[in-house]
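Residue numbers begin at 1 in each chain, while the letters A, B, ... track the order of the sequences. Remember, it's a predicted structure, so these values are computed and weren't measured experimentally.
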2 protein chains.
Amino acid sequence: MAYTSMSVSERQLLPPAVAVSTVAFALHPPAHARLGESGVEAAYAAAAAVGFAGAASDAGAAAEVPAETSARARDTLWLPLVRRTRAPFAGDWALPGGPIPFNETLADTAVRTLRAAVLRDPRYLEQLYSFGAVERSAQAQRLVTIAYWALYGEQDLAGDALTGAAEQNIDEQNIDEQGAAEQDDPNVAWFSADRLPPLAFDHAEIVAHALDRLRSKTEYSTVAYRFLGDTFTLAQLREVHEAVRGEAVDPANFRRQALAQGHLVDTGEQTSGAKHRPARLYQFREQTTQQTRNLT
Amino acid sequence: MAYTSMSVSERQLLPPAVAVSTVAFALHPPAHARLGESGVEAAYAAAAAVGFAGAASDAGAAAEVPAETSARARDTLWLPLVRRTRAPFAGDWALPGGPIPFNETLADTAVRTLRAAVLRDPRYLEQLYSFGAVERSAQAQRLVTIAYWALYGEQDLAGDALTGAAEQNIDEQNIDEQGAAEQDDPNVAWFSADRLPPLAFDHAEIVAHALDRLRSKTEYSTVAYRFLGDTFTLAQLREVHEAVRGEAVDPANFRRQALAQGHLVDTGEQTSGAKHRPARLYQFREQTTQQTRNLT
DNA sequence: GCAATAGTGTCTTTAAGACATTATGCC
DNA sequence: GGCATAATGTCTTAAAGACACTATTGC
């Protein structure tokens, strides 16, 4: 900011700078989004470490995501990263974020910086943890980072990107141009959570922390529904849980447990066109007796 | 700090100040500690709200705690508060804490400020949440508070208080003097978690948050053992859970579940002197397969 | 009919909760 | 012996997991 003329010792006497960083998850990257590459060998190693078999099918590819997302891309989580242009860690990928202005809440800063990187508003936002180690950014002013994690739903990423602050309704003809503009920023890309590049600061630790939180929160809360649209099949909901948990889930038992929660409403409609028995479409209904937990 | 000559608008342009506040729980206050009073009527109301029957037996009393803690004092949690001497909220009770120096980690600051108030080191410390609302302290420089929660065990509070930084071994003759000195600070007192006075800032919210975290964490982690000494009976361990959960627990079922965790080692020794069958003394043993959770 | 997935039913195992029963030290 | 609590045993119920089986569409 304005402390460029200060010496290191002068900066150390200042109060620490406070910044927000956000780990934003989605089932798959938005259409026309730039996909990050992290190297094939690193990809295979990471996939093996997480326990995915053959998950590195398109590792290293920088191509566009097909409009109709394949089933293969479903069983992993994606998150947006921003390439740093300044020291420290210049050139490395980092979580979206930035310093908090004096008149913005922490959550507001998280949403604003996320919107600037992803051009879309997240569907869910929750504070994760605060990191304030003394040696976080050596030689510079001390930095305290408050980490958030966020979640994008299918409907958030399927459509057009935001241009202005309040721009939301763009007609079909402009989508390709928006997509092109979105893709033109080389410093923002989406990565599979299984194949992340080396991250700046301790952002790798933050991502791991966010993944833990997402996994445990999926077990007892209703966050998983936010990955999906208004209506969905039980198979889609199960695929979300499989992507988050990283393992296959028995369809029969999952159905029984999902329906027992009481959050699902049968819309009476069905899917069609698939080459098998059609599936019922459900809606998510918030339950009246909502209990929250507080664990870590 | 050094910004006393600045105007309000000048302070708003500064990076926010970062402070740490800690909620420290104990089964009962230390010997010779000053006990806070919060008014009898408020005490009865609070006890009823939490669901304790007849828990307000010594509400409003400012007497010393008896050396042999009564069973009655066991079924509630206690926490230390510090009275503010400066604006804002001058005269109100607040959580121990303070700003973070440039060369101290967040956890170090929490421990140091806690030691300054309680004169003892906590047995457990965990980050809770960060509060950074814009209007937290109006008219002043913006304040971001990183809340921690801590836990004192019986052996931490039973003995003598610390005087210097590394002072730990004080012989018996000095205990009374230490206790008197400890009691002489009128701006530090211990309160029952059920009968708290009005707190400064949003510290009441932070305490509620910490209680939630403590309750859920006792369900699946091993924090509860830290309230107790090296050896303890299953009845003592059950009383900890009852104090945290605020309700009675079936002794038979609790025994079965506690032993099934595999954390308890039978020392072969027994209690004696009570007017009933003696109880076995157990030790806590850290398990090799230690799993952590990450929920909120 | 066949392939593929949607959806249902059943069995086993585990764990929690309620509660009866026995054990033991102190008076 | 009587009291109070420690410690054990038993029964019921709920829920998870494994897995067989039926249903329905497109080809």
How close or far is atom P of D:dT5 from atom CD of B:Gln236, stated in whole angstroms?
-> 14 Å
Ring pair (Phe, Tyr, Trp, His ring centres under 6.0 Å) test vs B:Tyr124 passes for just one of B:Trp149, B:Tyr148, B:Phe227, B:Phe25, namely B:Trp149
Axis-to-axis angle between the two ends of the helix from C:dG1-D:dC27 to C:dC27-D:dG1 (five base pairs per end, rounded to 10 degrees) | 10°
Against the side chain of A:Arg256, the closest entry in D:dA6, C:dG17, D:dG17 is D:dG17
Heavy-atom pair of closest approach, residues B:Leu237 and B:Leu264 = CD2-CD1, 4.4 Å
A:Arg238: partners by salt bridge (Lys or Arg N to Asp or Glu O under 4.0 Å), with sequence neighbours left out = A:Glu242
A correct 5'-to-3' footprint of nucleotides 20-27 of chain D, with B, S and - meaning base, sugar-phosphate only and no protein heavy atom under 4.0 Å, is ---BBBS-
CD of B:Glu219 versus P of C:dG17: gap in Å, rounded?
-> 10 Å
CZ of B:Phe254 versus C1' of C:dA18: gap in Å, rounded?
-> 17 Å
Taking CG from B:Asp250 and C1' from D:dG9, how many angstroms apart are they, rounded to a whole number?
-> 13 Å
Reported OH-to-CG distance for the pair B:Tyr152 and B:Asp121, which is rounded to 0.5 angstrom = 6.5 Å
Whole-Å distance, A:Asn253 CG to C:dT12 C1', equals 12 Å
Parallel under 30°, tilted from 30 to 60°, perpendicular over 60°: which one fits the rings of A:Tyr225 and A:Phe232?
-> tilted
Write down the distance between CG (A:Leu237) and P (C:dA6), rounded to a whole number of angstrom.
-> 12 Å
List the steps, then state whether side chain to side chain contact (heavy atoms under 4.5 Å, CB included) holds for B:Leu79 with B:Leu196.
-> CA-CA 9 Å; B:Leu79 52 92; B:Leu196 291 182; 3.9 Å; yes
Give me the ring orientation class for A:His241 and A:Phe254: parallel if the planes are under 30° apart, tilted from 30 to 60°, perpendicular past 60°.
-> perpendicular
Salt-bridged, A:Arg280 to A:Asp266, with N to O below 4.0 Å?
-> yes
For D:dT8, does OP1 or OP2 lie under 4.0 Å from any side-chain N or O of B:Arg280?
-> yes
Separation of atom CD in A:Glu269 from atom P in C:dA6, rounded to whole Å | 17 Å
Any chance you could lay out the side-chain hydrogen bond (donor to acceptor under 3.5 Å, both in side chains) test for A:Thr76 and A:Ser192, step after step, and finish with the verdict?
-> CA-CA 7 Å; A:Thr76 184; A:Ser192 165; 3.0 Å; yes
Could you work out which one of C:dG17, C:dA6, D:dA7 sits closest to the side chain of B:Arg255?
-> D:dA7
Integer-rounded Å distance: C:dT5 P and A:Glu242 CD = 12 Å
